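On a predicted model such as this, the values are computed, not experimentally measured, just so you know.
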Amino acid sequence: MALRQILRSSPLPSPSTFSTPLRLLSTAHSLLASTPLAPGSVVVQSNADSPTGQALIQEAKQRGLKTINIIPDQAGSGETIERLKRLGGDVVVTESYCKTWFLPRVVSDLPKPALGVTATEGAAATAVAKLVAPGGTLVAYGGVKLSGKVVYGGAERRPVAWGDYLKGRKLALKSV
């Protein structure tokens, strides 16, 4: 009886409330479908804490894929890392962690990622591209064009245009 009263007094959700999860899952599906991936393959993504990133983690887990997930450095990163691991993220690290020598050790027991997914430019996109296996695919979504220069941390280096970097690593660039 109490449940019926709650349902009667609650306004109906708007149609957009229903479509948002479907849109996120559809985007995650499109990103993963951009390159052939067998179960056990690895996907690396930036902005893993975004709604699309979280949907990608869950979709990848259902497909038997492993994920390396990069999140922005911000307050509460520890809680975010744990939440993404509970969703199915295999490796979850911050952008600053990607600039250390620890990252190669953490991912050394995984196959090199065949697919990289980024919704940002800058250091996070560079970290994703550096992890993708030569001959793999880098997918930019959300309007990202990767038109600037590759961002390196540490020592000063000659600026490298994204096009030259991708060609040198034999990475295919797709936009979704």
| request: Side-chain contact test, heavy atoms from C-beta onward, threshold under 4.5 Å: evaluate it for V92 versus I57 and give yes or no. | output: no

In terms of heavy-atom contacts, A33 and R63 come closest through N-NH1, 4.3 Å

Can you check whether L171 reaches L173 side chain to side chain, under 4.5 Å on heavy atoms?
no

Closest non-hydrogen contact found for A48 with I71 is CB-CG2, 4.1 Å

Only residue of R83, Q54, Q74 satisfying side chain to side chain donor-acceptor pair (under 3.5 Å) with D49 is Q74

When every non-hydrogen atom of P111 is compared with those of G40, the smallest separation belongs to CG-O, 4.0 Å

Taking every heavy atom of A125 against every heavy atom of T120, the minimum-distance pair comes out as CB-O, 3.1 Å

What one should report as the nearest heavy-atom pair of L138 and T118 is CD1-CG2, 4.3 Å

Self-check item: Non-hydrogen side-chain atoms of Y97 and V106 separated by less than 4.5 Å
Solution: yes

When every non-hydrogen atom of A127 is compared with those of I70, the smallest separation belongs to CB-CD1, 3.9 Å

Discussion item. Does any part of the side chain of L146, heavy atoms only, come nearer than 4.5 Å to the side chain of E121, both counted from C-beta?
Written reply: yes

Fill in: S77 side chain vs D73 backbone, donor-acceptor pair below 3.5 Å
no

Open item on the list: So does T67 get a backbone contact from the side chain of D90, meaning a donor-acceptor N/O pair under 3.5 Å?
Closed with: yes

Do K174 side-chain atoms and S34 backbone N/O form a donor-acceptor pair below 3.5 Å?
yes

Checklist line | Y141 vs T52 side-chain heavy atoms within contact, under 4.5 Å | finding: yes

Q) Would you say the side chain of L32 lies within less than 4.5 Å of the side chain of L56, judging by non-hydrogen atoms? A) yes

